[in-house]
Amino acid sequence: MNNVKSELSQRLYIETYGCQMNVADSEVVVSVLQDKGYIITEDINEADVILVNTCSIRENAEQRVWGRLDVFKQIRKKKPELTVGVIGCMAERLKEELIEKKKIVDLVVGPDAYRDLPNLLETAGSGQKAVNVILSKEETYADISPVRLDKNKISAFVSIMRGCNNMCSYCIVPYVRGGERSRDYMSILREVEDLFKKGYKEVTLIGQNVDSYGWESGEVNKTIKFARLLEMVAKINPKLRVRFSTSHPKDMSDEVLYVMAMYNNICNHIHLPAQSGSTNILEKMNRGYTREWYLDRISAIKRILPECAISTDIMTGFSGEAEEDHNETLSLMQEVKYDFAYMFKYSERPKTYAARHLTDDITEEIKARRLTEIIDLQNKLSEESKKEDLGKIFEVLVEGISKKSEDQLFGRNSQNKVVVFPKNNYKTGDYVFVKIMDCTLATLIGELIE
Ligand code: SAH
Ligand code: SF4
Ligand code: F3S
C-alpha cells in the first residue's frame with residue numbers, strides 16, 4: 001500500500017527566505033501538506049511542487065526571490081507539469097501581481113492562509129491560478145505540529161505569536177503579517193514538551209515583539225504575560241535551553257530579566273534591536289523609545305544579568321539621518337558594547353508610513369559609507385567581546401562537527417557565541433564544559449574540561 005501511495009504522492013520542495021518566523025512557518029506548511037500525502041524532498045529536480053517562502057523586509061530580499069523564480073522557470077522547461085508557488089510575506093505584498101509579472105508562478109499564498117494550501121494546490125494542479133492572501137485576526141496555527149526541517153534535531157523555533165501592531169514607520173511587517181495575536185500558552189507548552197521528548201535540547205520562542213505576548217487564561221484578571229510564559233517553558237526541564245527573540249526596547253520589562261536570572265537554562269542572551277542611537281531618528285521611525293530609554297534598558301540587563309550577551313539590529317540612512325544622528329548611533333554602539341549585530345541600509349518599502357510621508361533622502365553612497373563605519377565598529381566590538389572570554393569556562397551545547405576539521409565539534413554557549421573544541425567522545429546534543437583559549441572573528445576556540 002505504502003509503495004502505491006508514494007508513487008501517487010506529489011513531491012514537495014520548499015525553500016525559505018527571511019526571518020525565523022518564516023523558518024517556523026515552512027515547518028507548518030510541510031505539516032499541513034504531509035497530512036495530505038505530500039512527500040518532502042531536498043532535491044529540487046525531483047519536485048512536483050516547488051514552494052518558496054519569501055521575505056519583503058528589504059528590496060534586496062525580494063530581488064533574490066525574483067532570481068530564484070528564473071531558475072524555477074528553467075526547471076519547468078524540462079518538467080511542464082511542475083507547480084511553482086510563492087508563499088509568505090512577498091506573496092502577501094504583491095498578490096496577483098506575482099502571477100502576472102512572472103509567468104512561472106501558479107500559486108500565491110499569504111502567511112495566514114497555509115491551511116488552505118492543499119485546496120489551492122489542487123486548483124493550481126488543474127491549470128487554474130490559485131491565490132489566497134487573506135490575513136486573519138486569529139490564526140496562530142496553534143494546533144498544527146510543525147514538521148521540523150532542521151538538520152541536527154537539537155534546536156527548534158517555537159512561534160508564540162504572529163503579526164505586529166507596532167507600525168514602525170519604515171517596516172513592511174504589519175502590512176504583510178497583519179495585526180499581533182498571541183498563541184494559546186497551553187499549545188506552546190505542549191509543543192515544547194513534545195520537542196524535549198523527541199530529544200531536542202534547545203527552543204527559541206519567537207515573535208516580532210515577544211514582550212507584548214499575552215494570553216487571557218479564562219480566569220478573571222489572569223493574563224499570561226511573556227515573563228510567566230518564559231518561566232513555564234523553562235520549568236519543563238532544566239536540560240532544555242530556552243532562548244527568545246525579538247525583544248522590543250519599549251516593552252522589555254525587568255520582570256523578564258528577573259525570570260532569566262532565576263533559571264539557568266534560560267540563555268544569557270538578549271537581542272534588543274536599537275535601529276538608531278539618535279532620539280530624533282527613533283522618533284521618526286516611530287519606535288516608541290528614546291536613546292535614554294534604550295540605555296536604561298541596557299543598564300537593567302547589565303545590572304540584573306551581568307553575564308548576559310547583548311545583540312542588536314542597526315539600520316542606517318533612514319530619512320533625514322544627519323551625520324550627527326549617525327555619530328550618535330556609533331556612540332550608542334560603543335556605549336553598549338554589543339557582542340553581535342545585524343546591520344542594514346534603509347530600504348524604502350511601499351505602503352509604509354515612511355514611503356507615504358517621508359523622503360528616502362540619504363544617497364546610496366552615504367548609506368554605504370555609514371554602513372561600512374558601523375560594520376567596522378561592530379567588528380571591533382565583537383572582537384573585544386570575544387577577547388574578554390579568553391580563559392573563561394562555558395557550558396556548550398554540541399551542535400555538530402566543525403566545518404574546518406573532523407576532529408573538532410562546534411556548539412554555542414549560553415551567550416549564543418559559537419565555540420569550537422576537540423571532539424573526544426562527545427556527540428551532537430551533549431552538554432560539555434569548554435575553557436576558551438583563543439578566538440577568531442566569528443568563533444571562540446577552546447579545550448574540554450572533563
Ligand atoms: N520585530 C523586530 C524586527 C523585525 S525586522 C524589531 O522590531 O526589532 C528585522 C530587522 O530588519 C529590523 O530590526 C530592522 O533593523 C530591519 N529592517 C526592517 N525594515 C527595514 C527596512 N525598510 N530597511 C532596512 N532594514 C529594515
Ligand atoms: Fe517591524 Fe517595528 Fe513590528 Fe519590528 S516592531 S516587526 S520593526 S513594525
Ligand atoms: Fe521578512 Fe516577513 Fe520575516 S518580511 S523579516 S520574512 S516577517
Side-chain angles (χ1 to χ4, degrees), residues 15-26 29 52-65 86-94 110-112 133 135 157 159-181 206-213 244-252 270-277 281-282 284-289 294 297 310-319 321 329 338 340-356 358 360 362 364 367-368 370-371 374 378:
E15 212 166 88
T16 306
Y17 296 88
C19 67
Q20 298 166 342
M21 289 313 268
N22 264 13
V23 174
D25 277 4
S26 286
V29 165
V52 53
N53 195 357
T54 58
C55 174
S56 283
I57 201 83
R58 284 167 290 275
E59 204 192 329
N60 58 9
E62 293 196 351
Q63 287 306 339
R64 205 169 310 146
V65 172
V86 178
I87 65 174
C89 298
M90 200 173 156
E92 191 63 51
R93 191 177 87 72
L94 294 168
D112 285 346
V133 286
L135 286 172
F157 293 130
S159 164
I160 64 165
M161 59 211 295
R162 298 179 72 79
C164 186
N165 283 349
N166 282 324
M167 292 293 185
C168 300
S169 61
Y170 51 80
C171 185
I172 194 83
V173 171
Y175 300 88
V176 292
R177 290 251 159 195
E180 181 189 289
R181 62 226 104 117
I206 57 169
Q208 293 299 352
N209 176 0
V210 293
D211 304 283
S212 69
Y213 175 85
F244 56 88
S245 183
T246 304
S247 304
H248 196 299
K250 79 176 164 63
D251 296 318
M252 197 198 67
I270 294 182
H271 185 63
L272 196 66
Q275 313 301 356
S276 167
I281 295 296
L282 288 169
K284 281 184 125 181
M285 288 176 166
N286 195 30
R287 284 290 285 176
Y289 54 87
Y294 184 87
R297 296 293 73 217
I310 304 172
S311 58
T312 198
D313 293 348
I314 301 279
M315 193 194 315
T316 190
F318 188 59
S319 171
E321 187 187 69
T329 297
Y338 291 111
F340 184 78
Y342 295 100
M343 298 153 284
F344 313 102
K345 277 190 268 187
Y346 169 56
S347 158
E348 189 180 78
R349 308 310 291 131
K351 258 179 144 187
T352 57
Y353 180 92
R356 286 178 285 123
L358 306 172
D360 185 8
I362 308 301
E364 189 52 35
K367 283 183 187 174
R370 289 183 185 164
L371 183 65
I374 286 168
Q378 185 52 47

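No experiment lies behind these values; they were computed from the predicted model shown. First listed ligand is number 1; within each ligand, the first listed atom is number 1.
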Among the heavy atoms of Asn209, does any lie under 4.0 Å from an atom of ligand 1?
no
Only heavy atoms of Phe344, strictly under 4.0 Å: list the atoms of ligand 1 that pass.
10 (C), 11 (O), 15 (O), 16 (C), 25 (N)
Against heavy atoms of Tyr170, which atoms of ligand 1 measure under 4.0 Å?
18 (C), 19 (N), 20 (C), 22 (N)
Give the numbers and elements of all ligand 1 atoms closer than 4.0 Å to a heavy atom of Asp313.
9 (C), 10 (C), 12 (C), 13 (O), 15 (O)
Starting from atom 6 (S) of ligand 3, which protein heavy atom do you reach first, and at what distance in Å?
Asn22 ND2, 3.3 Å
Contacting atoms of ligand 1, where contact means under 4.0 angstrom from a heavy atom of Pro273
8 (O)
So, Lys284 and Glu321, do they make that salt bridge, N to O below 4.0 Å?
no
Atom indices of ligand 1 within 4.0 angstrom of Arg349 heavy atoms, with elements
22 (N)
What protein heavy atom is closest to atom 1 (Fe) of ligand 3, reported as residue, atom name and distance in Å?
Cys55 SG, 2.3 Å
For atom 6 (S) of ligand 2, which candidate among Arg177, His248, Glu180, Gln208 holds the nearest heavy atom?
Gln208
Quick check on contacts: which atoms of ligand 3 are under 4.0 angstrom from a heavy atom of Ser56?
1 (Fe), 4 (S)
Looking only at protein heavy atoms, identify the closest one to atom 3 (Fe) of ligand 3 and say how far it is in Å.
Cys19 SG, 2.3 Å
Would you say Cys89 has an N, O or S atom lying under 2.8 Å from atom 2 (Fe) of ligand 3?
yes
Row check, Tyr289 ring normal vs Arg297 NZ/CZ: under 6.0 Å, within 45°
no
Would you please name every residue forming a side-chain contact (heavy atoms from CB on, under 4.5 Å) with Asn165, sequence neighbours left out?
Glu180
Quick check on contacts: which atoms of ligand 2 are under 4.0 angstrom from a heavy atom of Pro174?
8 (S)
Can Tyr170 and Arg287 be counted as having a side-chain donor-acceptor contact under 3.5 angstrom?
yes
Side chain or backbone of Met315 under 4.0 Å from ligand 1, or both, or neither, by non-hydrogen atoms?
side chain
Looking at Arg287, which atoms of ligand 1 are within less than 4.0 Å of one of its heavy atoms?
6 (C), 7 (O), 8 (O)
In ligand 1, the atoms that come under 4.0 Å of a heavy atom of Lys345 are 23 (N), 24 (C)
Any Glu348 heavy atom less than 4.0 Å to ligand 1
no
